[in-house]
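As the structure lists them, so they are numbered: ligands from 1, and atoms in each ligand from 1. Atoms considered below: every heavy atom in the structure, side chains included; atoms not considered: hydrogens, waters and symmetry mates.
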Amino acid sequence: MSDPLRLVDRDRVHSWHPYTQMLTERPPLPVVKASGVYLYTEDGRRILDGISSWWVNLHGHAHPKLNAALAAQARELEHVVFAGCTHPPAVDLAERLVEILPPGLTRVFYSDNGSTAVEVALKMAWQYWQNTGHAERQSFITLDRAYHGDTVGAMSVSAESSFTDPFKPLMFAVTRTHEPYCYRCPVGLTRSTCRIECLNKLESLLQERGPTVAAVLVEPMLQGAGGMIVWPSEFLAGVRRLCDAYGTLMIADEVFTGFGRTGRMFACEHASVTPDIICLSKGVTAGYLPLGVSVATEAVYEAFLSEDRRKTFFHGHSYSANPLACAVGLASLDLFREEDVLARIGRLERQLREGLEPLRALPIVGDVRVIGGVGVLELVSDSATKASGGYLDAIGPRLAAACLERNLLIRPLGNIMYFMPPYVITDDEAAWALDTIAAVLRTI
Ligand SMILES: Cc1ncc(COP(=O)(O)O)c(C=O)c1O
């Protein structure tokens, strides 16, 4: 017998939602079905998913080919321990990823979400230096406004923010350097005339303490939760050059940017860079199932090969390399090939640019940034001083509510409003969403 209470009423009794002030936030959307770019609610609404369900969905919801791959895999093998066992989807996916990743990334280590992909990379880098006789390399350099996840290690390497404030005493110390945030240049320059001077701080840090640095960790080309900051590719190339010059490892966190989000399969391709370790998650399963992947070079891997068992990488998760997740990941890579998804993202990028650039004229819009399938508006309360309330700016929830009334789901990061639909969005659907955003901004 169906429960007479609505889903949201039942939800309120036992659920505790992520990033949600349960006392004051509006009730959650009761989503009972999804297809393509649309979510369908219990009360009969059809809502366009403008954030690809927290940046994970690529080919639309309930894609028939992904559904079929998942069902077929469930009939064969739903899960098996990955320590001491292996299975076809894990091996196939590792082979396919190595084929498409920046050259030189060859050793695939599975975990089960974005934060664990980062934790694995940090631990790998740390132990790499111990195993190779350089235990003095114990520190990490990360960027201002970085976001790498919510587990304690991932929080430590993220920027200090209202997300991490309550946990400060739990976190390990890291060294932070400038991010290439051209709209709010950390060294006070202008992009059209600068020579990427924001890299100089990284260089002086490496000069000062290079021999103690285990790795430099970055979100290449697009820093996500820290403000949807789009980089000049020269900065990315510079990070690789400096890591090489000072002999430290480079970790690229492509949990968000991987699988086409920036218009290339991997953001590192924008500067033809191969990091020593890359972190993947989110889009790796096209938004179907949790999976984390940290891929290292052969040199990193070889440092763990030893008769001495203490050099083993002692890390694993119950659901490492889950076969269902790997099978959907493989089917998603097939779709990239069969449907020329990257060309579709290129079209979406042009449409985002054309739709959002004119909004620069609004006093509330400080900056417009577009890369691949992500369109960003940085909102300000004063365009001359660029003042804003940051992540806790009330404009975010107000905009989200106004868009939702018009059946568009967005989730601004405070004053950073972004639109990032699944790649299958049609030109008409994208035009509708962009018109909706423009209309809301004109009335807010
Ligand atoms: C760059 C980056 N790294 C790591 C993570 C953490 O991923 P997860 O939420 O799956 O733990 C995120 C999540 O948004 C991310 O954007």
Side-chain angles (χ1 to χ4, degrees), residues 17-20 51-58 109-125 140 142-159 161-164 167 171 174 176 179-181 215-231 236 239 250-262 264 266-268 270 275 277-295 315 317-322 325 328-329 371-374 376 391 410-414 416 418 420:
H17 291 265
Y19 281 95
T20 302
I51 52 165
S52 294
S53 285
W54 247 353
W55 323 348
V56 299
N57 192 289
L58 307 184
F109 190 97
Y110 291 108
S111 59
D112 56 14
N113 64 68
S115 302
T116 58
V118 170
E119 297 281 348
V120 164
L122 297 174
K123 289 173 67 176
M124 245 177 210
F140 292 99
T142 71
L143 299 194
D144 290 331
R145 296 181 201 262
Y147 176 78
H148 296 288
D150 287 347
T151 51
V152 174
M155 275 198 302
S156 304
V157 289
S158 299
S161 70
S162 40
F163 297 0
T164 60
F167 310 107
M171 300 185 322
V174 300
R176 295 199 168 81
E179 81 291 28
Y181 191 175
V216 177
L217 168 64
V218 299
E219 292 158 84
M221 295 306 294
L222 176 60
Q223 279 181 279
M228 294 291 167
I229 300 161
V230 179
W231 292 10
L236 177 57
V239 172
M250 172 181 175
I251 303 173
D253 176 355
E254 293 226 27
V255 165
F256 167 36
T257 52
F259 303 97
R261 205 58 85 175
T262 68
R264 304 284 178 91
F266 299 100
C268 281
H270 287 272
I277 308 174
I278 198 167
C279 310
L280 309 171
S281 187
K282 290 194 186 276
V284 68
T285 63
Y288 265 60
L289 286 159
L291 184 68
V293 190
S294 312
V295 189
H315 187 107
H317 298 276
S318 313
Y319 284 100
S320 290
N322 174 256
V328 182
I371 185 168
V374 187
V376 186
Y391 184 76
I410 57 161
R411 211 185 137 81
L413 297 151
I416 308 292
Y418 63 90
M420 185 194 311

So which heavy atom in the protein is nearest [atom], and how far is it from that ligand atom?
atom	value
atom 7 (O) of ligand 1	G114 CA, 3.2 Å
atom 12 (C) of ligand 1	Y147 CE2, 3.6 Å
atom 5 (C) of ligand 1	V255 CG1, 3.7 Å
atom 11 (O) of ligand 1	S115 OG, 2.6 Å

For K282, the ligand 1 atoms with a heavy-atom partner under 4.0 Å come out as 12 (C), 13 (C), 14 (O), 16 (O)
Check: [X]/[Y] side-chain N/O donor and acceptor closer than 3.5 Å:
X	Y	result
W55	Y418	yes
H317	T116	no
W231	Q223	yes

Winner among D253, T116, T151 once heavy atoms are compared against atom 2 (C) of ligand 1: D253
Among E119, E219, H148, Q223, the residue with a heavy atom nearest to atom 4 (C) of ligand 1 is H148
Examine ligand 1 and decide if any of its atoms is less than 4.0 Å from a heavy atom belonging to W55. yes
Does ligand 1 have an atom that lies less than 4.0 angstrom from a heavy atom of E254? no
Are the side chains of [X] and [Y] in touch, meaning some heavy atoms are under 4.5 Å apart?
X	Y	answer
E254	T262	no
F163	M155	no
L217	L122	yes

Please check if the number of heavy atoms outside Y319 that lie under 6.0 Å from its OH is greater than 12. no
